[in-house]
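Take a look at the structure below.
Just so we're on the same page: letters track the sequence lines, and every chain starts at 1.
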There are 2 protein chains.
Amino acid sequence: MSENQSLFKALADPTRRQILKALKNGSMNAGDLSELFPISKGSLSHHFNLLKKADLVKTRRNGQQIIYSLNTSVFEDVTTLLLDLFKAGENAEDGEQNEI
Amino acid sequence: MSENQSLFKALADPTRRQILKALKNGSMNAGDLSELFPISKGSLSHHFNLLKKADLVKTRRNGQQIIYSLNTSVFEDVTTLLLDLFKAGENAEDGEQNEI
DNA sequence: AGTATATTTTGATATTTGTCAAAATATCAA
DNA sequence: TTGATATTTTGACAAATATCAAAATATACT
């Protein structure tokens, strides 16, 4: 799957958007995150995985825990992609046409 | 489906993003759009419908043709939603918390 | 080594999504 | 009104997705 596609797909699920929102003000481990959602830890882990593949979150391990945090640098990418979708005259330069 | 959800879902498909991109520099009718894509007109019409529900495109009829154009005002909404997802300290105001 | 805790992975399943072909609808033009 | 063109709608189907329970993995503690 293309990089952009995995990014848009990752944003298309409400649970994943809630996860991002929960991480806005600081990192959280998987267990604490799981208490915010009424789904199994397995399902949540699946969502973490998609967010990670889309480069929307970073992880580090601290002992038994996996700590998730936002990868805010991707935000700029999303903005660029949206501009590319909507704004006439703001096309990607030749040869670096953004994949849509 | 919530307004935001239909918006994110609509953006999650590559064909639909291509449609938006094709409309960036001006409106097009359904038939001309269909020549840009290797899928049936029925399938394309389905995509048009989702884009319309997400308020990403507007339509008008001109005789037998349906003319699609971008609804650029929604671009601001998307930007707001993304800020709400990523930027700490830029939360929606109380009582008008953005649905995610 | 053995047990407990945190998290991910796997396999199964129900739902959603994108697609096509064919039927239906709308408009135009003779 | 009849026929042609443009588009949407419908019904069927395959592929993708979200979910769960259970098994597997990784780390910590005694």
Side-chain angles (χ1 to χ4, degrees), chain A residues 1-23 26-70 99-100, chain B residues 1-23 26-70 99-100:
Chain A
M1 187 154 54
S2 94
E3 203 176 320
N4 293 340
Q5 179 60 7
S6 60
L7 183 53
F8 280 112
K9 283 274 188 185
L11 291 171
D13 180 85
T15 298
R16 289 193 290 272
R17 292 198 302 279
Q18 292 279 14
I19 293 169
L20 293 176
K21 208 168 174 179
L23 293 175
S27 50
M28 292 180 75
N29 64 49
D32 287 350
L33 277 167
S34 88
E35 292 180 7
L36 304 178
F37 298 92
I39 64 179
S40 73
K41 297 189 185 207
S43 299
L44 212 47
S45 187
H46 161 71
H47 288 303
F48 293 154
N49 194 245
L50 294 181
L51 289 170
K52 206 156 45 173
K53 278 184 180 157
D55 216 30
L56 283 161
V57 300
K58 295 174 293 190
T59 60
R60 65 189 166 89
R61 179 179 277 277
N62 184 12
Q64 287 157 288
Q65 303 178 330
I66 308 274
I67 300 178
Y68 286 88
S69 57
L70 273 194
E99 221 178 314
I100 289 293
Chain B
M1 186 153 54
S2 94
E3 202 176 321
N4 293 340
Q5 179 59 7
S6 60
L7 182 53
F8 280 113
K9 283 273 188 185
L11 291 171
D13 180 84
T15 299
R16 289 193 291 271
R17 292 198 302 278
Q18 292 278 14
I19 293 169
L20 293 176
K21 208 168 175 180
L23 293 175
S27 49
M28 293 180 75
N29 64 49
D32 288 349
L33 276 167
S34 88
E35 292 180 6
L36 304 178
F37 299 92
I39 63 179
S40 73
K41 297 188 186 208
S43 299
L44 213 46
S45 188
H46 162 70
H47 288 304
F48 294 153
N49 194 245
L50 294 180
L51 289 169
K52 207 157 45 174
K53 279 185 179 156
D55 215 29
L56 283 161
V57 300
K58 295 174 293 191
T59 60
R60 66 189 165 89
R61 178 179 278 279
N62 184 12
Q64 287 158 286
Q65 303 178 331
I66 307 274
I67 300 178
Y68 287 88
S69 57
L70 273 193
E99 221 178 314
I100 290 293

**A/S40 or A/K9, whichever maps to the more 5' nucleotide of DNA chain D** = A/K9
**Prompt:** When rounded to the nearest 0.5 angstrom, what is the spacing between CG in B/D13 and CG in B/L20?
**Reply:** 10.5 Å
**Message:** Just to verify, what does A/S43 make a side chain to side chain donor-acceptor pair (under 3.5 Å) with, not counting sequence neighbours?
**Reply:** A/S40
**Prompt:** At their closest point, which heavy atom of B/A12 faces which heavy atom of A/Q5, and how far apart are they?
**Reply:** O-NE2, 3.1 Å
**Asked** Would you call A/P14 and A/R17 a side-chain contact if the rule is heavy atoms closer than 4.5 Å?
**Response** yes
**Message:** Quick check: closest heavy atoms across B/A30 and B/Y68, and the distance to 0.1 Å?
**Reply:** CB-CE1, 4.1 Å
**Asked** Between atom CD of B/Q65 and atom CZ of B/R61, what is the distance when rounded to the nearest 0.5 Å?
**Response** 9.5 Å
**Asked** Is a side-chain donor or acceptor of A/Q18 paired with a backbone partner of A/L36 at a separation under 3.5 angstrom?
**Response** no
**Item:** Range on DNA chain C touched by chain B, heavy atoms, distance below 4.0 Å
**Value:** C/dT17 to C/dC28
**Message:** Counting the atoms with a prime plus P, OP1 and OP2 as sugar-phosphate, which does B/L33 contact under 4.0 Å by heavy atoms, base, sugar-phosphate, or nothing?
**Reply:** nothing
**Message:** Pick the closest DNA chain D nucleotide for B/N29 and for A/G42 by heavy atoms, then say which residue is nearer the 5' end.
**Reply:** B/N29
**Request:** Kindly give the heavy-atom pair with the smallest separation between B/L33 and B/M28, and that separation in Å.
**Result:** CD2-SD, 3.7 Å
**Item:** Approximate separation, where rounding is to 0.5 Å, of B/N29 CG and B/I66 CD1
**Value:** 9.5 Å
**Request:** Decide yes or no for A/L44 and A/T15: does some side-chain heavy atom of the first lie under 4.5 Å from some side-chain heavy atom of the second?
**Result:** yes
Check: protein-nucleotides 11-14 of chain D nitrogen or oxygen pairs below 3.5 Å:
none

Going by atom type alone, with no hydrogens or angles, which donor-acceptor pairs under 3.5 Å involve a side-chain atom of residues 45-60 of chain B and a protein atom two or more places apart or on another chain?
residue: B/H47; atom: ND1; partner: B/R16; partner atom: NH1; Å: 3.1

**Message:** Within residues 51-68 of chain A, which residues have any heavy atom lying less than 4.0 Å from an atom of DNA chain D?
**Reply:** A/R61, A/G63, A/Q64
**Item:** Helical stems, DNA chain C - three or more consecutive Watson-Crick or G-U wobble pairs below 3.5 Å
**Value:** C:1-30 with D:1-30
**Request:** Would you classify A/H47 as touching base, sugar-phosphate or nothing, given that sugar-phosphate means primed atoms plus P, OP1 and OP2, and contacts are heavy atoms under 4.0 Å?
**Result:** sugar-phosphate
